[in-house]
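Each remark here refers to the structure printed beneath this line.
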Amino acid sequence: MTDATSSGGATPRHSSSLLTQDARTLKRNAAESRFRAYGLSAVVIAMLALVFLLGSILHNGSSAFRQTFITLDVYLDPAKLDKKGTGNAEEIRKVTTFGYAPLIAASFEKLFEEEGIGVEGISAKKAGDLISKEGAADLRRFVHEDTTRVGETVSFSFLASGRIDGFFKGRVTMESAERDSNVSPAQLMLAEQLKEAGHLKTSWNWGFLTMADASENRPEAAGLGVAILGSFYMMIVVLVLSLPIGVAASIYLEEFAPKNWITDIIEVNISNLAAVPSIVFGILGLAIFINFAGLPQSAPIVGGLVLTLMTLPTIIIATRASLKAVPPSIRDAALGVGASKMQAVFHHVLPLAAPGILTGTIIGLAQALGETAPLLLIGMVAFVREFPAAPPEGFFDPASALPVQVYNWTQRADPAFVERASGAIIVLLVFLLIMNAIAIVLRRRFERRW
Amino acid sequence: MNAGLVILAVIALATLGYFVGRARALAKAGGDIRGLHSLPNYYGQTVFLFTAVPALLVCVGWLLLQPLYVEHRVSDMITPADIAEGSSQSLVMADIRRIATGLDTAVARGALTGADLSSLSADATDVRALLAGVGVALASEVKGSVLAAAKEYRAATATLKMAMSVVVILIALAGFVLSLRRLRPDFRARNVSETAIKALLILASSVAILTTVGIIFSLVFETANFFGLHSAADFFFGLTWNPQFRGGSDLGILPLLWGTLYVSFVALLFAVPIGLLVAIYLSEYASNRVRTIVKPAVEILAGIPTIVYGLFALITVGPLLRDYFAQPLGLGTSSSSVLTAGLVMGVMLIPFVSSLSDDVINAVPQSMRDGSYGLGATQSETVKQVILPAALPGIVGAILLAASRAIGETMIVVMGAGAAAKLSLNPLEAMTTITVKIVSQLTGDTEFASPETLVAFALGLSLFVVTLGLNVLALYIVRKYREQYE
């Protein structure tokens, strides 16, 4: 060191002290705090993205859970529904949905007379447009439940049409109604009068969770019932197939497999399968399960099989990790008291690894629940109005799935479907949240640290 | 008999076998458990396995092969004369299948009786109207030979189903009887049943290989069909993508590849710096409290399904970029664009990059940091000059994995990038990707004889090869790097 100072005698010595920072230190410290700020801002950007993402979905979708209803006193006129006056249920059932529209118009007429509600230029018949096109069908179904109701006056709650519903949710305004061929400002004024008279109110909408999908021009009647049921069926298939197969495969690979090239290939395979794009699994499902094996399109069984293949790597990786976490002393002790290898694994290692396996399975199921792309290819996008039957036949009936239903709704023209799609996302996220919460609770409660 | 019922019957028989086997073994040992080689449960288990497993395997194999055999037999009945102009063998086969299911429904609903069916002929009855009555719509009138083929199809399927039920149940019974007869007190039941269980475990772990084989088989097979119908040179080097459903379409992959790479590039440009900085900040700077909040929050981003990101791109980011950037700058008018899809995909990739980089940064030994601090380096200098170079291979691996994710991502680009295949540099214009086109060519009514449908398999194969290559490379790099410090 002394050599260095002596040879460096030519360079001017810094007149520095620890109390005042020289220019170079200042620069280095500035670089330090800049770098820190970059890091912090990256964290902030990531957090903002999360908040913005969830906020926009919640903002757009929360109104889907509320729906505008119009309550009217409807006289179920025997002259219209039971022209022969026989009271025969079969005869009444023959009246088509169109036959019910005059009843709604008549009850509007009565309302206009009795309560002095009314807007110029809106006849009772035109006022019927305030009610969803599904309204007459709902009324018909109501009558079919009990045909003796014909002749009575009932108070019936109709779905308001999509535009009227949008008006009370702020999506439709008087100005936009001017340009809209589906609704006029006069109708909106009538809707406001109905609201003041207490015939129209916006309330919680169970139908969104229980009804089937509806066609393009009646967004107010579209619900998630079929999609939730379809997703549920697929999850059953995934659970029943992927849990045993995944656990069996992991037990073999972790506990029994000899170290040779075959097991190497299997292991590389599994880690690669986990990274194959999901759409490729959809192509596999289309080619093998639908074209080759002849299973029906849009069926939960096909969706479940494809998702099983996608979930298997997740479950295998999680199961192997939790089998590995069980200390070898457990196995040695079991073998030492005379258990066979199989008994040691099934009686001792597997129960100890069970919480980890369950956690991994739930996380795998949550992933499968949100998967969309492969389901598009196996025909789940089809418009399905019928609820699938009870299992096992129901597994082969056409159904929809939650994420696919979201995609389906975004492809439709009416902006009311955007609200529905965001609402469906909220439902999906709630399911995911519940599943992940269960996984976390399981891990916290049962996982043992050795 | 229904296949589900057959399987249930086999399982019921096997369960019965378990209890009978157990009781029989005990009885043979005179009720004294010490006289047996294995615990009584193992005798039951052996009977269960021998009854159920062979029968179920035969059942599954039969179900897979039956449609192939029936189609082969029926397709011999179709003469070239039955194939209408502009139609193909596979379309006629599809018609036959539909007619056969229609006849089944008609019989089930009582619209036809068995006797009616055998005397049914295309000339005497309007089969199309009959089937429309039970909800099966056909595009054209039914020809005599096609109807005969459909009847044959129906008959063969029914006979084979019956035969399968009989064969499977016979195999189950044979397994039941044979394994029961072998039970003796000195029979090594545990060893036998453990070997059988081990074989089942091996079978389960081969599912992963079967899946890969299935993927490769289905992709390669249909891609070969595609190249039989369409020139490979146009596919690989064509600059236009313009499918026409009357034939003569241009199916060049290059515009799609360009869109895919452009979107992935934008996504990585956003995700890599942010993900990396998040990882560095969390592992080097953040206090424990910040870490326990931020880390799970970033992981939430990873757990959100891609359809949610897709909707976010469609209803929020797309219109925002259009109204505040594209239109004022005069660069475009569409809400779906490369930038929309890229940014949203970037958000999706942040947790991916950050958690993988976090792992590799934490794997850099503490002694290297201490050495750097000891020489007087500041924290940022240590990160930039010591930690990052040491972690570089791992980070490159993470970026490659993220790139493969971005290339294979579907829902975000389907909803955010648009559908027009273009070779353009403007990031505010709508472009399309390989995955978008796979979805659009394979959804809706697909007909498996036209190059416009089959091209999706060629696209899928290209996608599979590219992502597989990236994954293998990334895993290789990461694995090699891990060994360095272990």
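Reminder, nothing fancy here: chain letters follow the sequence lines and each chain counts from 1. Computed from a predicted structure; not experimentally measured.
- Residue B/Leu65 does not touch chain A at all, counting heavy-atom pairs closer than 4.5 Å.
- Within 6.0 Å of CZ on A/Phe383 lie more than 12 heavy atoms contributed by other residues, nucleotides or ligands.
- Contact count against chain B (heavy-atom pairs under 4.5 Å) is highest for A/Ser340 among A/Pro403, A/Ser340, A/Gly379.
- Remark: B/Arg291 CZ is packed, more than 12 non-hydrogen atoms of other residues, nucleotides or ligands lying under 6.0 Å away.
- With a 4.5 angstrom heavy-atom cutoff, B/Leu210 does not touch chain A via any of its atoms.
- The shortest non-hydrogen separation linking A/Ala275 to B/Asn471 is CB-ND2, 3.1 Å.
- The contact between B/Ile280 and chain A is made entirely by side chain atoms (from C-beta outward), counting heavy-atom distances below 4.5 Å.
- The distance from atom OG of B/Ser440 to atom CG of A/Leu376, rounded to the nearest 0.5 Å, is 11.0 Å.
- Note that CE of B/Met411 is 7.0 Å distant from OG1 of A/Thr410, once rounded to the nearest 0.5 Å.
- Contact count against chain A (heavy-atom pairs under 4.5 Å) is highest for B/Ala208 among B/Ala208, B/Ala456, B/Gly408.
- Nearest heavy-atom pair across B/Leu301 and A/Ala46 is CD1-O, 4.1 Å.
- Aromatic ring orientation, B/Tyr285 versus A/Phe35: tilted (interplanar angle from 30° to 60°).
- With a 4.5 Å cut-off on non-hydrogen atoms, B/Thr435 touches chain A through its backbone and its side chain both.
- Interface remark: of the candidates A/Ile288, A/Leu273, A/Leu54, A/Val247, A/Leu273 forms the most heavy-atom pairs closer than 4.5 Å to chain B.
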Walk me through it: do B/Ile438 and A/Leu377 pass the test side-chain contact (heavy atoms from CB on, under 4.5 Å)? CA-CA 9 Å; B/Ile438 294 178; A/Leu377 296 193; 4.2 Å; yes
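- Both the backbone and the side chain of A/Leu53 come within contact range of chain B, each with at least one heavy atom under 4.5 Å from a heavy atom of that chain.
- Looking at B/Gln379, its side chain never comes within 3.5 Å of a backbone N or O of A/Glu32 through a donor-acceptor pair.
- The closest side-chain heavy-atom distance from B/Ile202 to A/Phe256 is not below 4.5 Å.
- Contact of A/Phe281 with chain B is made through the side chain alone, with heavy-atom distances under 4.5 Å.
- The part of B/Val207 that comes within reach of chain A is its side chain, from C-beta onward, which places non-hydrogen atoms under 4.5 angstrom from that chain.
- With a threshold of 4.5 angstrom between heavy atoms, B/Lys384 approaches chain A through side-chain atoms but not through N, CA, C or O.
- Taking CD1 of A/Ile262 as the start and OG of B/Ser206 as the end, the distance is 11.0 Å to the nearest 0.5 Å.
- Closest non-hydrogen pair, A/Ala248 versus B/Ala204, comes out as CB-CB, 3.5 Å.
- Here the CG-CD1 distance, from A/Leu428 to B/Ile307, works out to 8.5 Å after rounding to the nearest 0.5 Å.
- Neither the backbone nor the side chain of B/Ala279 comes within less than 4.5 Å of any heavy atom of chain A.
- Closest approach of A/Leu284 to B/Gly214, counting heavy atoms only: CD1-C, 3.3 Å.
- Residue with the most contacts toward chain A among B/Pro305, B/Pro351, B/Ser380: B/Ser380 (heavy-atom pairs, distance under 4.5 Å).
- Proximity to chain A is absent for every atom of B/Val290, based on heavy atoms less than 4.5 angstrom apart.
- Enclosure of atom CZ in A/Arg320 by more than 12 non-hydrogen atoms of other residues, nucleotides or ligands within 6.0 angstrom is indicated.
- For chain A, the nearby part of B/Ile350 is the side chain; its heavy atoms alone come within less than 4.5 Å.
- Using a 4.5 Å cut-off between heavy atoms, B/Val294 contacts chain A through both its backbone and its side chain.
- A distance of 8.5 Å separates CD1 in B/Ile209 from CD1 in A/Ile270, rounded to the nearest 0.5 Å.
- The two residues A/Ser56 and B/Phe312 come nearest to each other via the heavy atoms OG-CD1, 3.5 Å.
- A/Thr263 does not touch chain B: none of its heavy atoms, backbone or side chain, sits under 4.5 Å away.
- Nearest heavy-atom pair across A/Ile283 and B/Gly460 is CD1-CA, 3.9 Å.
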Could you go step by step and tell me if B/Leu219 and A/Val280 meet the side-chain contact (heavy atoms from CB on, under 4.5 Å) rule? CA-CA 9 Å; B/Leu219 287 175; A/Val280 172; 4.3 Å; yes
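- Only the side chain of B/Ile315 comes within contact range of chain A, with at least one heavy atom under 4.5 Å from a heavy atom of that chain.
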Between A/Leu50 and B/Ile304, does a side-chain contact (heavy atoms from CB on, under 4.5 Å) hold up when you go through it step by step? CA-CA 10 Å; A/Leu50 177 65; B/Ile304 292 176; 4.2 Å; yes
Just do the side-chain contact (heavy atoms from CB on, under 4.5 Å) check on A/Val276 and B/Thr212 with the steps written out, would you? CA-CA 10 Å; A/Val276 167; B/Thr212 312; over 6 Å; no
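- Using a 4.5 Å cut-off between heavy atoms, B/Leu475 touches chain A through its side chain atoms alone.
- B/Val344 does not touch chain A: none of its heavy atoms, backbone or side chain, sits under 4.5 Å away.
- Contacts of A/Ile245 with chain B are made by both backbone and side-chain atoms, with heavy-atom separations under 4.5 Å.
- The closest side-chain heavy-atom distance from A/Val418 to B/Leu314 is not below 4.5 Å.
- Counting heavy-atom pairs under 4.5 Å between each of A/Gln343, A/Glu371, A/Lys341 and chain B puts A/Gln343 at the top.
- Only the side chain of B/Thr467 comes within less than 4.5 Å of a heavy atom in chain A; its backbone stays farther off.
- Both the backbone and the side chain of A/Met342 come within contact range of chain B, judged by heavy atoms closer than 4.5 Å.
- The residue among A/Val268, A/Val404, A/Ile57 with the most heavy atom pairs within less than 4.5 Å of chain B is A/Ile57.
- If you take CD on B/Glu194 and CZ on A/Phe346, they are separated by 9.0 Å, rounding to the nearest 0.5 Å.
- Across B/Leu63, B/Val347, B/Val308, the residue that shares the most heavy-atom pairs under 4.5 angstrom with chain A is B/Val308.
- Heavy-atom distances place both the backbone and the side chain of A/Leu40 under 4.5 Å from chain B.
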